[in-house]
Number of protein chains: 2
Amino acid sequence: MTIRSALLALLEHKPMYGYQLRAEFERRTGATWPLNVGQVYTTLSRLERDGLVEGTGVDEDGHGMYVVTAAGREEAAAWFTTPVARSQPPRDELAIKLALAVTVPGVDVGTVIQHQRSATMTALQDYTRLKRQASSGTADSDLAWSLVLDSLVFSAEAEIRWLDHCEARVRRAAAERADDPVAPAAGPSAGPSAGNPSAATVEEVSR
Amino acid sequence: MTIRSALLALLEHKPMYGYQLRAEFERRTGATWPLNVGQVYTTLSRLERDGLVEGTGVDEDGHGMYVVTAAGREEAAAWFTTPVARSQPPRDELAIKLALAVTVPGVDVGTVIQHQRSATMTALQDYTRLKRQASSGTADSDLAWSLVLDSLVFSAEAEIRWLDHCEARVRRAAAERADDPVAPAAGPSAGPSAGNPSAATVEEVSR
DNA sequence: CCGCGCGTGTATACGTGGTATACATACCCG
DNA sequence: CGGGTATGTATACCACGTATACACGCGCGG
């Protein structure tokens, strides 16, 4: 319920109308997670249904304004103090992909890792490029957007470290299997510790 | 479309029925992202609708079996080779929360950070505890599940580093504002790296 | 023996997230 | 004056996630 809570928090600051909420959200987070306008309106009506905000007619310009209720203020405060649950983390597509890549035969894990690695590297470069032009002002929103950017950088770096780690472990697992006494050694398999460092295919890893 | 692709990849391995798919998915990823059974069936029908899998009646035990089609095999291969798009990363609830915390008045950012930090630390301890009992066998699925676990560890560590980084930057920003009549006074006074034991390698990250 | 819990297995409903799009107004500019 | 663009509201539609209904088989104790 990320969007829901975020809109609630923004409304706690001051009453707003739909379009304005979207603008404020994006101003604080950069264009990192573009928020679709439609979602704002549907979420607002759900918030009103649940008694967390209240639509107070239209203002002088004809905008449908919303104010947060007491219950809403309470829930917003709870959102800020309650840490996000790491016990059930959001699905990580990359982790799932690699987990399947090492278990499903016929997939070249090394290639998957390298493709992802270079993609993440370019993203990282984009972030650092953005950072130069983002750290100009001293406004709150600049600080927030800069922190969000840092978050992206940190997680991208972690992802690269993890990919390297995976490559090493996959290679090691392949090696263990190769000189496993009972291993059928289907073909010389070009020696996992041979020239190409990224040549660990599933044929070597699994089965 | 994570689930969709994952199921497709599993079916590429061998034909299966719904419940079995869920079991295979969880065996490879541990219980990290428990996959709801219902989702399997709805996803399977969507896959069939799109011509990527084909339901081949029931087997001798009455299970509704599914096989992947040529188009499905193609899409699965594409999924493995195409890196996950970092250009539009999934919404990060924590990053959003902090970005709003520093921009909405009346929120104690320090408290938010500390709560999250301790929550992430406990999660990290849980992971390392799990790791000991997970690295026993040598089967494919053990390697996969172990890699997934490593992914969680890496990202939790990154999160903690980021939180420390945020704390330092927020403190610095507050200090600048405090002794900032007009000109940026020289001394950062309190010193951002006061007593923090986990002093993140903030590198040349920002400012 | 029979009911009961439990694991296995399939299917559907419902709320939310996310995206596209329809629709309306205002304002600038050629 | 007519069209493009920015602002603003609203709705439709699909995908995801969870809960739940429903059915079957099997072991176990009263």
Side-chain angles (χ1 to χ4, degrees), chain A residues 1-8 10 15-27 29 31-53 55-66 75 79 84-85 87-93 96, chain B residues 1-8 10 15-27 29 31-53 55-66 75 79 84-85 87-93 96:
Chain A
M1 323 258 266
T2 328
I3 303 300
R4 176 184 156 111
S5 309
L7 294 187
L8 205 51
L10 285 175
M16 293 178 178
Y17 54 94
Y19 209 77
Q20 189 181 6
L21 274 166
R22 169 173 165 271
E24 285 297 310
F25 179 86
E26 296 203 343
R27 193 171 66 84
T29 58
T32 317
W33 304 290
L35 178 57
N36 192 283
V37 205
Q39 182 134 10
V40 176
Y41 293 101
T42 54
T43 306
L44 274 176
S45 55
R46 280 174 206 147
L47 283 171
E48 187 168 24
R49 178 201 58 188
D50 298 343
L52 303 178
V53 306
T56 60
V58 297
D59 71 346
E60 58 275 7
D61 295 327
H63 300 144
M65 302 296 289
Y66 287 86
E75 180 153 322
W79 183 61
V84 311
S87 48
Q88 280 165 21
R91 295 205 203 297
D92 181 345
E93 175 160 9
I96 292 177
Chain B
M1 321 261 267
T2 329
I3 304 301
R4 176 184 157 112
S5 311
L7 295 188
L8 204 52
L10 285 175
M16 294 179 178
Y17 55 94
Y19 210 78
Q20 190 181 7
L21 275 166
R22 168 172 165 271
E24 285 297 310
F25 179 86
E26 298 204 342
R27 194 172 66 85
T29 58
T32 317
W33 303 289
L35 178 56
N36 193 283
V37 204
Q39 182 133 8
V40 175
Y41 293 102
T42 54
T43 306
L44 275 176
S45 56
R46 280 194 283 260
L47 283 171
E48 188 167 26
R49 177 200 60 188
D50 299 343
L52 303 178
V53 307
T56 62
V58 298
D59 71 348
E60 57 276 6
D61 295 327
H63 299 145
M65 302 296 288
Y66 286 86
E75 180 153 323
W79 182 61
V84 312
S87 49
Q88 280 165 18
R91 295 203 202 296
D92 180 346
E93 175 160 7
I96 292 177

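Letters A, B, ... are given to chains in the order of the sequence lines, protein chains preceding strands, and every chain is numbered from 1.
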Can you find a heavy atom in the side chain of B/Leu21 that is under 4.5 Å from one in the side chain of B/Leu44?
yes

Do B/Asp92 and B/Ile96 have side-chain heavy atoms sitting under 4.5 Å apart?
no

Which atom pairs link the protein and nucleotides 5-8 of chain D when you take only N or O atoms and keep those under 3.5 Å?
residue : atom : partner : partner atom : Å
D/dG8   : OP1  : A/Tyr17 : OH           : 3.0

Counterpart residues, side-chain contact (heavy atoms from CB on, under 4.5 Å), relative to B/Ser45 (two or more places apart):
none

Nucleotide D/dT9, atom P - distance to CG of A/Leu44 in whole Å:
10 Å

List for me each residue that meets side chain to side chain donor-acceptor pair (under 3.5 Å) alongside A/Gln20, sequence neighbours excluded, and say none if there are none.
none

Is there a donor-acceptor pair under 3.5 Å between the side chain of A/Asn36 and the backbone N or O of A/Gly38?
yes

Heavy-atom pair of closest approach, residues [X] and [Y]:
X: B/Tyr66; Y: B/Glu48; answer: CE2-OE1, 3.8 Å
X: B/Phe25; Y: B/Trp33; answer: CE2-O, 3.7 Å
X: B/Tyr41; Y: B/Tyr19; answer: OH-N, 3.4 Å
X: A/Pro89; Y: B/Thr32; answer: CD-O, 4.2 Å

What are the bounds, 5' to 3', of the part of DNA chain C that sits under 4.0 Å from heavy atoms of chain A?
C/dT16 to C/dA20

Contact string for nucleotides 14-19 of chain D, one letter per nucleotide 5' to 3', B = base within protein heavy-atom range under 4.0 Å, S = sugar-phosphate only, - = neither, reads -SSBBB

Applying salt bridge (Lys or Arg N to Asp or Glu O under 4.0 Å) to B/Glu75 and not counting sequence neighbours gives B/Arg4

